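Hydrogens, waters and symmetry mates play no part in the numbers below; they use all other heavy atoms, side chains included. Sequential numbering from 1 along the given sequence is applied to the chain's residues. Predicted, not measured: the structure shown is a model, and the values here were computed from it.
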Amino acid sequence: MAHIVLTFDNNKFAGALYGPFDENLARIEQKLGVDIRSKGNQIAIKGEPIAAEQARRTLDYLYGLIQNGAELSASEVDGALRIAQAADDQLSLPTFEAKGKLAAAQISTRKRTVHARSANQDAYIRALERSELVFGIGPAGTGKTFLAVAYAAMLLERGMVDRIVLSRPAVEAGERLGFLPGDMREKVDPYLRPLYDALYEMIPADKVERALAADVIEIAPLAFMRGRTLSNAVVILDEAQNTTPMQMKMFLTRLGENGRMIVTGDPSQIDLPLNTKSGLVEALDILKDVSGTVTVRFNEKDVVRHPLVAAIVEAYDRAQSRKSTGEK
């Protein structure tokens with residue numbers, strides 16, 4: 001059994017770390033199977049050596065977030081736990097700083113700072129930083145779309161790009177927009193709502209509206225992107241599993257000078273007609289050895305929504321696996 005004692009230099013921050021009625025400490029105890037006792041600004045951790053060290057890393061990391069102005073939620077605590085546990089799974093990311101401190105990647109705008117909440121989120125953010133074309137692949141709730149939009153918002157705010165272009169296959173990839181009422185933005189808005197939600201999280205609402213009016217943030221239905229070259233822009237294609245191979249090739253060849261492309265999708269949720277191949281699935285195979293592209297694959301362990309969402313994703317995956325093997 002290991003016995004670790006932590007002392008924090010700020011009583012107010014320590015209280016925020018513990019949470020109301022020590023609920024954050026209780027959450028860490030439950031997840032790691034350790035015993036945590038607090039007394040003033042000091043914490044004693046007892047448990048198996050690996051679990052106790054993971055608890056120490058988690059608490060140290062969360063305390064650092066609080067020092068930087070973050071307000072802890074259950075999701076932040078769970079994210080810190082995933083990062084700490086991933087370090088012992090011998091993953092290359094997240095990295096370690098001196099004295100074994102966790103250093104998860106982050107995205108910051110004037111309105112908000114977002115920290116990676118899993119090792120794959122960490123790898124994804126770092127891939128966005130170094131690659132011009134990034135594929136984020138995985139189930140709903142893993143943060144792949146939100147982080148893509150957050151990263152685009154950060155680049156725009158810092159003046160590193162001139163605009164953001166948001167695209168998503170509409171109406172089950174058929175893009176029959178003419179049958180919908182309203183102008184182009186009103187036709188497409190319902191399908192781009194998740195992208196808007198992420199924008200408003202990272203940029204004040206009034207600035208988002210001004211950027212939309214000035215086409216600094218642009219809504220570009222996939223069918224309307226043919227023939228364009230998108231320079232000095234971050235271009236995001238969401239729900240890419242619902243593109244055809246021809247649409248995907250068309251989209252990927254829009255990349256211009258100083259451009260960034262982020263493609264997100266879930267190959268297990270394809271809505272295309274039967275016997276129609278997904279452009280995303282084909283692109284992942286064709287581009288797997290192309291330099292300058294990075295693919296980050298998320299799984300149910302990366303789901304950062306309600307814990308029940310992760311359980312639902314896992315249950316569906318098991319059912320699909322049984323179906324493919326002929327089990328009942």
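When the shell of 6.0 Å around CZ of Arg37 is examined, it contains 12 or fewer heavy atoms from other residues, nucleotides or ligands. Counting heavy atoms of neighbouring residues, nucleotides and ligands inside a 6.0 Å radius, atom CD of Gln42 exceeds 12 of them. Other residues, nucleotides and ligands contribute more than 12 heavy atoms inside 6.0 Å of the NZ atom of Lys111.
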> Please walk me through it: do Val296 and Gln121 pass side-chain contact (heavy atoms from CB on, under 4.5 Å)?
Replying inline: CA-CA 9 Å; Val296 178; Gln121 282 196 357; over 6 Å; no

>> Test side-chain contact (heavy atoms from CB on, under 4.5 Å) on Ile4 and Ile43; report intermediate values, then the result.
In response: CA-CA 8 Å; Ile4 299 173; Ile43 284 179; over 6 Å; no

>> Working note: Lys12 + Asn10, criterion side-chain contact (heavy atoms from CB on, under 4.5 Å); need CA distance, chi angles, decisive distance, verdict.
In response: CA-CA 6 Å; Lys12 181 180 177 182; Asn10 186 301; 3.2 Å; yes

> Could you walk me through whether Met250 and Met225 pass the side-chain contact (heavy atoms from CB on, under 4.5 Å) check?
Replying inline: CA-CA 8 Å; Met250 179 272 293; Met225 294 186 68; 4.2 Å; yes

>> Working note: Glu209 + Tyr200, criterion side chain to side chain donor-acceptor pair (under 3.5 Å); need CA distance, chi angles, decisive distance, verdict.
In response: CA-CA 10 Å; Glu209 293 302 324; Tyr200 286 117; 2.3 Å; yes

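To the nearest 0.5 angstrom, Leu222 atom CG is 5.0 Å from Gln247 atom CD. Separation of atoms CD (Glu132) and CD1 (Ile262) is listed at 12.0 Å; rounding is to 0.5 Å. Note that CD of Glu76 is 12.5 Å distant from OG1 of Thr58, once rounded to the nearest 0.5 Å.
Residues Lys144 and Pro139 form no side-chain contact, since every pair of their non-hydrogen atoms from C-beta on lies 4.5 Å or further apart. For the pair Val263 and Val134, the minimum side-chain heavy-atom distance is 4.5 Å or more. For the pair Ile137/Asp266, no side-chain contact is recorded, criterion being any heavy-atom separation below 4.5 Å from C-beta on. Side-chain contact between Asp9 and Gln67 is present, with at least one heavy-atom pair separated by less than 4.5 Å. Counting heavy atoms from C-beta outward, Leu156 and Ile217 have side chains that approach closer than 4.5 Å. For the pair Arg57 and Ile83, the minimum side-chain heavy-atom distance is 4.5 Å or more. Under the 4.5 Å side-chain criterion, counting only non-hydrogen atoms from C-beta, Thr113 is not in contact with Ile107.
Nearest heavy atoms, Leu155 versus Val234: CD1-CG2, 3.7 Å. Considering all non-hydrogen atoms of both residues, Arg117 and Ser73 come closest at NH2-OG, 4.4 Å. Closest non-hydrogen pair, Pro267 versus Leu280, comes out as CG-CD2, 4.3 Å. Taking both residues in full, the closest heavy atoms of Ala16 and Asn24 are given as O-ND2, 3.6 Å, listed atom of the first, atom of the second, then distance.
Residues forming a salt bridge (charged side-chain N to carboxylate O under 4.0 Å, His left out) with Glu218 (at least two apart in sequence, or on another chain): Arg163, Arg228. When the side-chain hydrogen bond (donor to acceptor under 3.5 Å, both in side chains) test is applied to Asn68, no partner is found at least two apart in sequence or on another chain. For Arg260, there are no salt bridge (charged side-chain N to carboxylate O under 4.0 Å, His left out) partners at least two apart in sequence or on another chain. With sequence neighbours excluded, the residues forming a salt bridge (charged side-chain N to carboxylate O under 4.0 Å, His left out) with Asp285 are Lys288, listed by chain and number. Glu157 is linked by a salt bridge (charged side-chain N to carboxylate O under 4.0 Å, His left out) to Arg110, counting only residues two or more places apart in sequence or in another chain. Residues satisfying the side-chain hydrogen bond (donor to acceptor under 3.5 Å, both in side chains) criterion with Arg297, sequence neighbours excluded, are absent altogether.
Val235 is connected to Val290 through a chain of hydrophobic side-chain contacts under 4.5 Å among Ile, Leu, Val, Met, Phe, Trp and Tyr, so both are in one cluster. In terms of hydrophobic clustering, with Ile, Leu, Val, Met, Phe, Trp and Tyr side chains grouped at heavy-atom distances under 4.5 Å, Val5 and Ile50 are assigned to different clusters.
The aromatic rings of Tyr63 and Phe13 stand perpendicular to each other, their planes meeting at an angle above 60°, with 30° marking the opposite boundary.
The pair Arg27-Asp78 meets the salt-bridge criterion, since a charged nitrogen lies less than 4.0 angstrom from a carboxylate oxygen. Salt-bridge formation is detected for the pair Arg56/Glu53: a Lys NZ or Arg NE/NH1/NH2 atom is positioned less than 4.0 Å from an Asp or Glu carboxylate oxygen.
No side-chain donor-acceptor contact under 3.5 Å links Ser167 and Asp238. With 3.5 Å as the limit, one finds a donor-acceptor pair spanning the side chains of Ser118 and Asp302. Judged by distance alone, the side chains of Glu129 and Tyr124 never bring a donor and an acceptor atom under 3.5 Å apart.
Of the candidates Ile164, Thr264, Leu166, Leu166 is the only one forming a side chain to side chain contact (heavy atoms under 4.5 Å, CB included) with Leu195.
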